[in-house]
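Right, one structure below, let's go through it.
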Amino acid sequence: MGKDDLYRAYQFAPDAKIIGIHMDTVNHATLTKAELRRFIEEKHLDKQRVLVPNDGQRYKF
């Protein structure tokens with residue numbers, strides 16, 4: 001799932017929380033956490049809905 005896919009999911013599911021995980025790994029090395037966070041800023045996405053956790057960070061819902 002790339003940036004554009006994330007954006008489409010954000011628009012399609014307005015009540016969903018979207019969590020970008022497995023960033024900066026071998027399989028997903030084309031998109032870093034920093035790049036995804038910049039994209040979220042550029043698109044003015046709600047940071048309460050689109051989460052990019054730091055390594056080891058947990059969320060409780």
With a 3.5 Å cut-off and sequence neighbours excluded, list the donor-acceptor pairs that the side chains of residues 36-43 form with protein atoms.
from, atom 1, to, atom 2, distance (Å)
Arg37, NH2, Val52, O, 2.7
Arg37, NH2, Asn54, OD1, 3.0
Glu41, OE2, Lys47, NZ, 2.0

Subject >> Tyr59: side chain to side chain contact (heavy atoms under 4.5 Å, CB included) partners, not counting sequence neighbours >> reply: Ile19, Leu51, Pro53, Gln57, Phe61
**OP:** Return yes if some donor-acceptor pair links the side-chain N/O of Arg49 with the main-chain N/O of Ala16 below 3.5 Å, else return no.
**Re:** yes
Original post:
Can you tell if the side chain of Lys3 reaches within under 4.5 Å of the side chain of Leu6, non-hydrogen atoms only?
Top reply: no
Subject >> By side chain to side chain contact (heavy atoms under 4.5 Å, CB included) - contacts of Ala9 (at least two apart) >> reply: Met1, Ile18
**OP:** May I ask you to decide if Leu45's main-chain N or O and Tyr7's side chain share a donor-acceptor pair within less than 3.5 Å?
**Re:** no
Subject >> Closest approach of Leu31 to Glu35 (non-hydrogen atoms, all atoms of both residues) >> reply: CA-OE1, 3.3 Å
**OP:** Grab the two heavy atoms, one from Lys17 and one from Gln48, that are nearest each other, plus how far apart they are.
**Re:** NZ-O, 2.6 Å
